[in-house]
Structures are given as C-alpha cells and as structure tokens.
Participant: 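Structure below; questions to follow.
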Amino acid sequence: MSKIKAAIFASGTGSNFEAIMETEHLACDIALLVCDQSSAGVIAKADKYGIPAFVFDAKQFPDKTAYEKAIIDRLEESEVSWIFLAGYMRIAGPTLLNRYEGRIVNIHPSLLPAFPGMDAIGQAYRAGVKTTGVTVHFIDEGIDTGPIIAQEEVAILQDDTEESLTKRVHKVEHQLYPKVINQLLQTK
Ligand code: GAR
C-alpha cells in the first residue's frame with residue numbers, strides 16, 4: 001500500500017523539517033515543501049533530501065485567496081492529503097482551511113493558549129514563568145489556535161538563558177512532532 005503523502009509548510013531554518021525527514025518509519029511520504037520566503041534555510045534542506053519545493057511570494061498575488069489557490073493546485077499535483085506546518089509564519093485562510101479541513105497541523109513552541117504568535121520562547125522567558133513547552137494542534141483561522149493534539153512541558157531553569165531554553169524547547173519539538181504525526185496517521 002502506498003503511503004499517505006504530506007506537505008510541510010515552513011518559512012525559516014527548517015530544523016523541524018529536518019527532524020521529520022530524519023525520522024525512521026515516518027507514516028507518510030513528504031511530497032512537497034511549501035515556503036513563502038525565498039531566502040529561507042529550509043529550501044536548501046529540502047534540496048538535500050530531494051524534496052520538491054514550492055516557493056511563493058505572497059506579494060506577487062492579489063490576495064490570500066489567490067496564493068492559497070496556487071498552493072492547493074501544487075498540493076493536488078503532488079497528491080498531498082495532509083499538511084504539517086513547521087515554522088510557517090502565515091495565517092491560513094478559508095481557501096486552504098476548507099480544502100484540507102481537519103488535516104492541517106501546526107507545532108508551536110509554548111504551552112498554548114499561553115504565548116501564541118512570534119517569539120513564543122522569548123515571550124515565556126521574559127514573562128518569568130517556570131514552565132513552558134511545545135504544543136501540536138490542528139489549526140483554525142486564528143493565530144496558533146485550534147484543537148490541541150499533544151503538549152509537552154519544558155521547565156525553565158533558574159540559570160537558563162534564552163538561548164539554552166530555546167535549545168531545549170527545540171529538542172522537544174524535534175521529538176514530539178514526528179511522534180504525533182505518526183500517531184495521527186496511524187489512526188487514519
Ligand atoms: C519552531 O520553533 C516552531 O515551533 C515555530 O517556529 C520555529 C521554526 O523553527 N513556530 C511558530 O512559532 C508558529 N507560531 P524551524 O524552522 O527550525 O523548524
């Protein structure tokens with residue numbers, strides 16, 4: 001039986017992309033990278049793994065509906081049925097949400113609903129909380145909102161710097177995301 005095909009959407013470095021690609025026995029084939037930043041590090045990572053990349057510039061489209069339609073065309077061409085956001089810094093609109101309803105998942109570096117949005121690790125660090133973590137959730141039209149699938153805590157230690165905390169949070173992300181992807185797809 002052929003594996004489920006999935007796309008990863010990313011805008012940045014791509015450490016989560018890489019962690020997914022390095023997972024043994026991943027329950028899906030990563031068929032496509034979708035990226036909205038032509039200078040993002042994740043593009044070279046896709047190249048390294050031989051994954052085709054659809055890189056788009058939102059400014060070249062009249063609106064979100066138009067670029068999401070272009071994304072969907074490319075996803076359908078690659079027979080993608082699931083989408084995993086890994087540092088994709090755009091809010092999905094109804095065009096994408098309706099086409100892939102219940103099959104778009106995001107990872108976020110905080111214990112949502114705490115610290116949504118940009119720089120969640122820095123936000124938690126500066127807030128002086130004792131615990132932060134990682135959330136994997138289905139997306140909706142909000143910023144880092146939608147039904148939570150899994151969360152893992154990360155303690156903020158007394159001698160943590162923002163850098164040391166960031167390293168530990170990323171480590172948890174890299175383990176949690178592939179695990180949750182497999183759990184989700186194996187129950188399908
Ligand atoms: C990750 O920490 C991811 O959780 C976060 O962006 C980073 C991307 O890093 N996503 C969000 O903040 C979503 N709101 P990466 O490019 O190295 O995977």
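For reference, positions follow the sequence shown, starting with 1. We count ligands from 1, going down the list as the structure has it; atoms in each ligand are counted the same way.
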Participant: Can you sort out which atoms of ligand 1 are near Gly87, meaning under 4.0 Å from one of its heavy atoms?
Facilitator: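 Once the distances to Gly87 are compared, the set is 6 (O), 8 (C), 10 (N).
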
Participant: Specify the protein heavy atom at minimum distance from atom 16 (O) of ligand 1: its residue, its atom name, and the distance to 0.1 Å.
Facilitator: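 Ranked first by proximity to atom 16 (O) of ligand 1 is Gly14 N, 2.7 Å.
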
Participant: Checking a contact table here: which protein heavy atom is nearest atom 1 (C) of ligand 1, and how many Å away?
Facilitator: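 Protein heavy atom with the smallest distance to atom 1 (C) of ligand 1: Glu173 OE1, 3.3 Å.
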
Participant: Where is the tightest heavy-atom contact between Ala31 and Pro52, given as atom of each residue plus distance?
Facilitator: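 The pair with the smallest heavy-atom distance is O-CG, 3.4 Å.
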
Participant: Have a look at ligand 1 and work out which part of Thr13, if any, has a heavy atom under 4.0 Å from it: side chain, backbone, both or neither.
Facilitator: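 The part of Thr13 near ligand 1 is both the backbone and the side chain.
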
Participant: Report yes if the side chains of Lys5 and Ser78 come closer than 4.5 Å at any heavy-atom pair, otherwise no.
Facilitator: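 Not touching, per the 4.5 Å side-chain cut-off.
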
Participant: Could you say whether the N/O atoms of Asp144 and ligand 1 ever approach to under 3.5 Å?
Facilitator: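 Asp144 vs ligand 1: N/O contact under 3.5 Å present.
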
Participant: Counting heavy atoms only, which of Ala40, Ser110, Ser15, Pro109 comes nearest to atom 15 (P) of ligand 1?
Facilitator: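 Comparing heavy atoms across Ala40, Ser110, Ser15, Pro109, the nearest one to atom 15 (P) of ligand 1 lies in Ser15.
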
Participant: Apply the hydrophobic cluster definition, ILVMFWY joined by side-chain contacts under 4.5 Å directly or through others, and give me every member besides Ile139.
Facilitator: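 Its cluster partners, ordered by chain and number, are Phe9, Leu32, Val34, Phe54, Phe56, Phe61, Tyr67, Ile71, Ile72, Leu75, Val80, Ile83, Leu85, Tyr88, Leu96, Leu97, Tyr100, Ile104.
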
Participant: For atom 13 (C) of ligand 1, what's the nearest protein heavy-atom neighbour? Residue, atom name and distance, please.
Facilitator: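 The closest heavy atom on the protein side is His108 ND1, 3.5 Å.
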
Participant: Please evaluate residues Glu18 and Lys48 with respect to the criterion side chain to side chain contact (heavy atoms under 4.5 Å, CB included), reporting the C-alpha separation (whole Å), side-chain torsions for both, the decisive distance (0.1 Å), and the verdict.
Facilitator: CA-CA 10 Å; Glu18 188 154 36; Lys48 172 177 142 192; 2.7 Å; yes

Participant: Is the shortest distance from a heavy atom of Val42 to ligand 1 less than 4.0 Å?
Facilitator: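 The answer is no, since Val42 has no heavy atom less than 4.0 Å from ligand 1.
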
Participant: For ligand 1, which atoms have a heavy atom of His170 less than 4.0 angstrom away?
Facilitator: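 The list of qualifying atoms is 2 (O).
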
Participant: More than 12 heavy atoms of other residues, nucleotides or ligands under 6.0 Å from CD1 of Ile143: is that the case?
Facilitator: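 Incorrect, the count does not exceed 12.
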
Participant: Taking all atoms of both residues into account, what is the closest heavy-atom pair of Ala155 and Leu165, and its distance?
Facilitator: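 The answer is O-CD1, 4.2 Å.
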
Participant: So between Met89, Lys45, Met118, whose heavy atom ends up nearest atom 12 (O) of ligand 1?
Facilitator: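 Among Met89, Lys45, Met118, the closest heavy atom to atom 12 (O) of ligand 1 belongs to Met89.
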
Participant: Within this structure, what is the OG1-CD1 distance for the pair Thr166 and Ile121, rounded to the nearest 0.5 Å?
Facilitator: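 Nearest 0.5 Å value for the OG1-CD1 distance: 4.5 Å.
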
Participant: Which protein non-hydrogen atom lies closest to atom 10 (N) of ligand 1, naming both residue and atom, and how far is it?
Facilitator: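 In this structure, atom 10 (N) of ligand 1 has Ile107 O, 3.6 Å as its nearest protein heavy atom.
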
Participant: From atom 9 (O) of ligand 1, work out which of Asn16, Val169, Val172 has a heavy atom at the shortest distance.
Facilitator: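 Of the listed residues, Asn16 has the closest heavy atom.
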
Participant: Before accepting this row, confirm whether a basic side-chain N of the pair Arg99/Glu68 lies closer than 4.0 Å to the acidic partner's carboxylate O.
Facilitator: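 Not counted as a salt bridge, because no side-chain N and carboxylate O are separated by less than 4.0 Å.
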
